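This one's a predicted model, so the numbers in the text were calculated from it and none came from an experiment.
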Amino acid sequence: MASTIPDPVPGRHDPGYAPEEAVPAAKEAPRPAETPPGAKVPRPAEAPPVPERTAARIEAHGIDHIPDADRRGRPRELFAVWAAANVNYLSLLAGGVLVLLGLTLAQALAVIVVGNLFWLLTGVLAIPGPASGTPSEVVTRAIYGVRGNRVNNAVVGWLISVCYFALNLAAAASAATALAERAGIAPGDGVTVAVVVVIAALTLVISVWGHAAIVKLYLPITLVLALAFTVVAVSVFGHADLSYRPAEPLGGTALWATLAAGLALVAAGPLSYTTSADFSRYLPRTTSKGAVVGWTALGGFVPSVVVCSLGALAATAVDMSDPQAGLESILPRWFTSAFLLALVLGTIAINALTAYSAGLALQAVGLSIRRSYSVLVDGAAAVSLTLYALLVSDLLDTMSDVLQLTVVLLGPSAALYATDILLRRNRYDGPALTDESPGSRFWYTGGVHIPGALALTAGVAAAALCVDTVYTGPVAAALGGVDLSLPAGMLVAAGSYALLMRRGRDGLRPGRDGLRAGRDLRS
């Protein structure tokens with residue numbers, strides 16, 4: 001039994017409902033011979049209409065399987081979904097931080113491009129959506145088992161999503177507070193709290209409405225943000241020093257340590273979306289895998305590279321330790337308010353995706369709660385963390401530490417997920433994945449898939465030994481602060497999982513976990 005309570009929406013999910021194509025077309029009843037001329041003939045009942053998945057109605061599905069009758073759309077829709085979410089303030093800050101760390105402009109731009117190549121991995125993680133008709137939070141039961149996956153969703157799914165929600169919300173609140181000041185509202189803790197609550201509320205409205213609203217809204221949001229950041233780009237290029245080098249360029253171990261830290265900082269963005277199948281699961285089962293990977297990756301890569309690069313370029317001309325004041329000094333006066341609004345809009349877009357996935361993760365943990373209600377729980381937790389980041393901590397330091405530290409978990413988790421997709425050739429049985437009973441295919445040993453649990457533990461341990469952020473691991477200390485947590489964690493997790501699965505053949509035999517070699521599952 002799936003641990004979800006679908007939101008009550010009448011239609012195809014009602015008992016006894018049959019899709020339109022399964023109901024014969026109503027025909028006019030033949031007039032009996034004895035019917036008097038002119039008498040009314042009763043008409044047979046018409047087939048019930050097929051409800052459309054529209055943005056005007058709250059999404060009924062949670063972590064349950066999406067039947068083929070509810071599948072529609074094209075993979076190109078994914079571009080706008082990911083593009084709107086990645087024209088945001090946090091990406092702008094990340095680009096500026098790279099220059100503040102001491103990199104030259106060329107080095108910073110190289111790190112931005114390489115770090116954002118991880119969007120290809122995000123694209124790969126999206127392809128089980130159409131194949132299984134389930135979100136990532138359910139697909140990963142194949143990796144960790146029913147019970148093991150609850151722990152995975154509690155930490156990698158829910159906790160990290162809420163942290164990202166809070167970081168983005170804090171960045172947007174700074175912009176919105178400045179906008180309030182321009183309107184004549186004096187700054188203060190009360191204003192900060194009000195701004196955070198309002199932005200969070202607007203974000204949660206989209207998340208609660210769900211998938212159809214996201215697909216409908218994100219194309220116009222992408223166009224508006226693209227126009228706004230075109231003006232930003234013109235202003236930044238007009239002031240940037242394209243030959244910028246710091247007064248004391250880094251070299252040797254210090255340079256490699258900074259490059260590694262910068263790479264982890266940028267890669268944390270795409271790696272945080274191990275839930276990308278959440279937004280592809282409504283596509284038809286026959287959707288091209290290449291198209292899903294391509295449109296997802298392109299939608300994340302292009303805007304992330306552009307916005308991060310603008311942050312780095314701006315840092316060559318202004319002080320990005322106070323990014324808001326710095327950027328306002330080079331933007332046209334007439335555009336400043338529009339720019340601040342664009343930053344808020346971009347954050348609402350990215351946080352709506354984050355809250356949506358966090359809500360699904362909360363259901364997958366095992367809580368019997370409707371998706372719409374679980375999203376509200378996410379919002380409350382994120383608002384609390386945001387107020388701490390704004391009123392107690394330093395935003396830039398907090399952002400840098402959290403993004404680098406989450407790579408310790410996200411890198412191994414993403415690599416493990418991608419390895420499972422390759423080993424199974426993306427053959428996932430959606431209905432079987434939603435079965436949480438002890439007799440299900442994915443119950444494994446006491447509800448835990450040992451190879452998955454061991455591989456993730458090994459990958460996280462390897463990353464922790466190599467990290468250099470809030471704390472310094474022994475390997476990083478021995479290397480003079482060079483942080484290799486990202487490649488170490490990913491390689492160890494993927495390698496150990498492939499080895500354990502191949503040696504034991506565990507999970508690769510028909511009938512044990514839903515994989516049937518040689519043919520697609522038609523469930």
Using a strict cut-off of less than 4.0 Å between a Lys/Arg side-chain nitrogen and an Asp/Glu carboxylate oxygen, indicate whether E59 and R281 qualify as a salt bridge.
->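 Result for this pair is yes, salt bridge flagged.
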
We want to know whether [X] and [Y] form a side-chain donor-acceptor pair, criterion being a heavy-atom distance below 3.5 angstrom.
| X | Y | answer |
| --- | --- | --- |
| D278 | S276 | no |
| D420 | Y428 | yes |
| T347 | N351 | no |
| H61 | D70 | yes |

Which atom names give the shortest non-hydrogen contact between [X] and [Y], and what distance separates them?
| X | Y | value |
| --- | --- | --- |
| A240 | L313 | CB-O, 3.7 Å |
| A352 | T203 | N-CG2, 3.4 Å |
| V407 | A268 | CG2-CB, 3.9 Å |
| M501 | P451 | SD-CB, 4.2 Å |
| G481 | D468 | O-OD2, 3.1 Å |

Qualifying residue, where the test is side chain to side chain contact (heavy atoms under 4.5 Å, CB included) with V81 and the options are T222, T296, I214 = I214

Euclidean distance, [Y] [atom2] relative to [X] [atom1], rounded to 0.5 Å:
| X | Y | atom1 | atom2 | result |
| --- | --- | --- | --- | --- |
| T140 | N153 | OG1 | CG | 5.0 Å |
| F442 | R141 | CZ | CZ | 10.0 Å |
| D483 | L263 | CG | CG | 9.5 Å |
| I66 | L283 | CD1 | CG | 11.0 Å |

Heavy-atom donor-acceptor pair, [X] side chain to [Y] backbone, under 3.5 Å:
| X | Y | answer |
| --- | --- | --- |
| S91 | V87 | no |
| T316 | A312 | no |
| S440 | E436 | no |

Report yes if some heavy atom in the side chain of [X] is under 4.5 Å from a heavy atom in the side chain of [Y]; otherwise report no.
| X | Y | value |
| --- | --- | --- |
| L103 | L259 | yes |
| V475 | V482 | no |
| S357 | W158 | no |
| R441 | D435 | no |
| W82 | F301 | no |
| V307 | N88 | no |
| L479 | W256 | no |

Measure up the Y497 and H449 rings against each other and bin them: parallel (under 30°), tilted (30 to 60°), perpendicular (over 60°).
-> perpendicular

Measure up the Y356 and F279 rings against each other and bin them: parallel (under 30°), tilted (30 to 60°), perpendicular (over 60°).
-> tilted

Name every donor-acceptor pair, under 3.5 Å, that has one atom in a side chain of residues 107-132 and the other anywhere in the protein, sequence neighbours excluded.
| unit_1 | atom_1 | unit_2 | atom_2 | d |
| --- | --- | --- | --- | --- |
| Q107 | OE1 | T104 | N | 3.0 |
| Q107 | OE1 | T104 | OG1 | 3.4 |
| N116 | OD1 | W119 | NE1 | 3.2 |
| N116 | ND2 | I112 | O | 2.9 |
| W119 | NE1 | G300 | O | 3.4 |
| W119 | NE1 | S304 | OG | 3.4 |
| T122 | OG1 | P270 | O | 2.9 |
| S132 | OG | P128 | O | 2.8 |
| S132 | OG | T134 | N | 3.2 |
| S132 | OG | T134 | OG1 | 2.8 |

